[in-house]
4 protein chains.
Amino acid sequence: MEQRRAIRIPKFRRRAEARPDEVLDAALDLFIEKGFAATRVEDIARRAGLSKGAVYLYFPSKEAILEGLVRRAIVPIATQALSSAENYEGDPRLVITMVLKMLAAKLNDPRLLAIPKLIVREVPGFPELAAMYRREVLDKVMPVIEKLIRNGIDQGYLRPVDPHLTIRSIVGPVMLHVAMAEIFGITPPDGFAIDRLIDNHLTILFDGLSAPDGAKRWTSS
Amino acid sequence: MEQRRAIRIPKFRRRAEARPDEVLDAALDLFIEKGFAATRVEDIARRAGLSKGAVYLYFPSKEAILEGLVRRAIVPIATQALSSAENYEGDPRLVITMVLKMLAAKLNDPRLLAIPKLIVREVPGFPELAAMYRREVLDKVMPVIEKLIRNGIDQGYLRPVDPHLTIRSIVGPVMLHVAMAEIFGITPPDGFAIDRLIDNHLTILFDGLSAPDGAKRWTSS
Amino acid sequence: MEQRRAIRIPKFRRRAEARPDEVLDAALDLFIEKGFAATRVEDIARRAGLSKGAVYLYFPSKEAILEGLVRRAIVPIATQALSSAENYEGDPRLVITMVLKMLAAKLNDPRLLAIPKLIVREVPGFPELAAMYRREVLDKVMPVIEKLIRNGIDQGYLRPVDPHLTIRSIVGPVMLHVAMAEIFGITPPDGFAIDRLIDNHLTILFDGLSAPDGAKRWTSS
Amino acid sequence: MEQRRAIRIPKFRRRAEARPDEVLDAALDLFIEKGFAATRVEDIARRAGLSKGAVYLYFPSKEAILEGLVRRAIVPIATQALSSAENYEGDPRLVITMVLKMLAAKLNDPRLLAIPKLIVREVPGFPELAAMYRREVLDKVMPVIEKLIRNGIDQGYLRPVDPHLTIRSIVGPVMLHVAMAEIFGITPPDGFAIDRLIDNHLTILFDGLSAPDGAKRWTSS
DNA sequence: AATGAATGAGAATTCATTCAT
DNA sequence: TATGAATGAATTCTCATTCAT
């Protein structure tokens with residue numbers, strides 16, 4: 001009930017406006033580094049240059065910070081990819097190439113990669129986060145790609161494949177490349193090499209792994 | 001709030017030998033369901049049919065349970081896949097097809113899928129787990145596939161691609177298919193459909209997405 | 001979260017003098033409603049139409065507000081009851097009746113009842129409040145009533161009873177009536193009915209509960 | 001995540017059975033002494049000879065301790081008073097005298113007095129406690145007294161008064177006596193003197209304050 | 001005079017781990 | 001072996017109080 005303090009260094013009082021974002025930035029770093037559960041609110045505060053109590057001026061709970069993090073990340077992503085590819089009429093391989101390169105660029109930015117990583121880790125505890133991300137991001141982006149494939153098939157650019165499943169064949173290799181690097185530190189001998197990965201992958205994706213003249217037509221059975 | 005038990009009939013007193021495994025089984029369920037941090041040792045004990053204290057007879061700490069879990073999972077996996085594909089000399093597409101189908105089978109078994117899921121979630125907190133898994137599993141399996149591809153190229157079955165990076169193109173789509181289902185509940189309209197996914201993927205993988213007669217040869221960028 | 005104000009029209013800028021009283025009013029409401037400990041200074045401020053910081057311009061601490069509350073309530077009370085009854089020489093039953101009715105009137109006013117309620121609740125934490133209230137109120141009022149009774153006895157109006165203890169017999173029933181209503185919500189079927197309570201009580205107080213001709217004289221024990 | 005301990009003194013491990021009551025005893029002392037809000041769970045634990053954590057083995061929250069306290073106190077009280085007075089047919093003044101002396105005895109026992117004191121203090125925060133006490137104690141005891149009075153009137157022992165309101169005239173003075181002593185430390189010069197209070201009160205209660213031959217019949221305005 | 005952002009001590013609650021039985 | 005009572009460090013969240021503006 002009493003409160004004694006030594007010489008106080010008043011630190012630096014900043015505008016309240018910027019604070020929530022600073023808290024989110026700090027939290028993102030720490031959640032990625034140690035996970036949600038292992039991160040103390042005080043750590044977040046300290047990294048954001050605030051006191052523990054101040055964090056609670058901006059977020060009512062630790063969980064709200066996590067939610068705020070995902071919410072903040074969602075807004076800009078959702079609006080982008082759509083515009084470019086939506087109703088492209090020409091060779092879809094061009095757009096697919098662009099999409100993959102754009103994806104690679106995003107995954108190369110640690111701050112952007114952090115959000116999906118976070119969601120992947122924390123789904124079991126906060127399924128609503130995954131639902132939100134799915135709703136706001138995946139459910140908007142995936143249909144665009146699917147339509148792109150469908151159009152490509154209809155216009156004779158692509159072979160008749162299942163458009164929905166083919167999304168995995170297009171994007172999966174890039175994702176796995178990133179995941180292996182992130183989770184197990186497995187990279188090609190020359191580093192992350194995402195560009196080489198994409199080149200190699202596009203080659204296979206569009207023309208297949210089989211040698212051109214090679215043996216008889218391949219049939220999985 | 002009290003719990004007295006009448007004369008206890010020891011039933012089929014299980015061999016003490018089986019206990020550690022029962023603990024691991026219980027722990028695996030719970031770690032997957034709620035994550036390592038959110039799982040209480042008492043929960044594990046209860047699910048394994050033991051008292052909290054008894055768990056500590058078999059594992060010195062909660063962390064040791066996690067480690068034991070990964071260690072147990074590693075042994076059988078590592079020895080399998082190797083034997084079959086190691087020095088196969090014929091069409092590698094056949095082996096690749098087999099490998100993917102075997103992989104799909106494993107990923108379809110929740111108890112087997114659980115371990116990688118667990119590792120993915122808990123890496124930041126326990127990097128040594130990821131290291132162990134990489135050392136014991138990935139570092140043994142991946143070179144085999146890489147060699148398979150290299151041989152396929154050398155023998156004219158496959159086009160000249162980067163064998164290391166091509167692993168992603170082979171396995172990535174399957175992984176992404178599973179991940180999307182697990183994390184976001186995203187599946188094709190007809191369910192998990194891993195078999196259709198593999199068929200669709202193999203078609204693309206070996207023969208490419210491009211329509212056969214279609215436009216001129218495709219070149220990325 | 002920001003608050004910019006255009007040209008501020010100061011309206012009826014309240015006299016700063018009134019502020020402490022507004023704070024006390026707000027505090028009284030809240031202390032009664034939720035207790036001292038459960039009331040936040042910010043709540044008081046908000047209800048008083050001030051900012052948290054401004055409260056501290058008028059009171060050095062939360063505790064000081066409580067003290068100020070009691071102090072403010074004490075002044076007017078102490079001076080009143082005394083004058084009327086002090087040296088009354090006639091039938092004391094008349095004065096007692098008046099006193100009880102005045103008491104009932106005060107207890108009927110929530111703002112006046114609030115102070116004793118507050119003191120009752122917070123004694124253990126702030127014994128000095130009780131001491132102050134006793135010194136300033138009870139120690140002034142009780143002797144007056146005691147003297148009234150003593151005079152009544154001396155002058156043959158009342159039977160010989162212990163004047164000090166008899167205060168309880170006079171006032172206790174009214175207090176209990178109020179307490180039961182306040183604490184447990186126990187009232188007669190027709191509501192608070194303080195007037196009927198007082199009538200019923202005065203009847204018993206002056207003439208006794210025993211039927212007039214009834215059995216032999218009653219003797220306790 | 002690590003836990004180091006110095007030389008440990010294993011203290012005294014007692015039977016778990018007695019513990020909840022020990023916790024309640026400790027809590028009662030402290031709640032009375034400092035109030036619910038100002039009492040720390042650790043204080044309770046220490047006084048009960050346990051560690052903080054152990055308290056939570058028996059009560060899920062601090063609030064549950066308070067509730068347990070009231071619940072424990074209620075059981076024995078409720079069953080007693082009823083039996084004796086229920087259908088008494090003779091002079092009710094005898095029973096009333098007994099009831100008041102029994103009440104006085106209870107109020108003289110600090111452990112028994114503590115519960116109502118606690119309830120009075122904590123009502124605003126925990127209205128359900130008051131409701132429980134009312135339901136289990138007051139609603140059972142008061143009708144008995146009311147019936148006693150009614151019977152007394154019907155049988156000519158008592159004058160026609162309002163039975164419900166008269167309960168206040170009977171019990172109020174004793175309550176006020178106790179309250180004044182407890183809250184303000186106001187007692188007669190010779191100490192608590194509850195017996196003298198009761199004697200004095202019974203005299204007035206049954207025969208009235210008015211001098212027997214005294215002036216004309218008294219009528220409250 | 002007034003604001004409200006910021007601080008930090010403090011309290012409730014949880015849970016891995018220990019240990020007497 | 002097995003139990004579960006007990007411990008106490010750790011963590012989230014609250015709120016009285018301060019102070020730059």
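All values reported here derive from a predicted model rather than from experimental measurement. Residue numbering restarts at 1 for every chain, and letters A, B, ... go by the order of the sequence lines.
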Side chains of C:Phe126 and C:Ile119 in contact at under 4.5 Å (non-hydrogen atoms): no
Distance below 4.0 Å between B:Arg19 side-chain N/O and F:dA2 OP1 or OP2: yes
For atom CD of D:Glu42 and atom P of F:dA10, their distance in whole Å: 14 Å
OP1 or OP2 of E:dA6 under 4.0 Å from side-chain N/O of A:Tyr56: no
Minimum heavy-atom distance A:Pro20-A:Tyr58, with the two atoms named: CG-CD2, 3.9 Å
More than 12 heavy atoms from other groups under 6.0 Å of CZ on C:Arg47: yes
Shortest side-chain distance from C:Leu50, nucleotide among E:dT3, F:dT3, E:dA6: E:dT3
Closest nucleotide among E:dA9, F:dT3, E:dA5 to the C:Lys52 side chain: E:dA5
Pairwise 5' ranking along DNA chain F for A:Val41 and C:Arg40, keeping only the more 5' one: A:Val41
Base partner of F:dT21, which must satisfy Watson-Crick or wobble distances under 3.5 Å: E:dA2
DNA chain F: 5'-proximal contact among B:Leu57 and C:Gly53 (nearest heavy atom): B:Leu57
F:dT12 phosphate, OP1 or OP2, under 4.0 Å from A:Lys62 side-chain N/O: yes
Nearest-angstrom distance from the residue atom OH of D:Tyr58 to C1' of F:dT7: 12 Å
Working for salt bridge (charged side-chain N to carboxylate O under 4.0 Å, His left out), residues C:Asp43 and C:Lys52: CA-CA 8 Å; C:Asp43 292 339; C:Lys52 203 180 356 167; over 6 Å; no
Whichever of D:Phe36 and A:Val55 has its nearest DNA chain E nucleotide further upstream toward 5': A:Val55
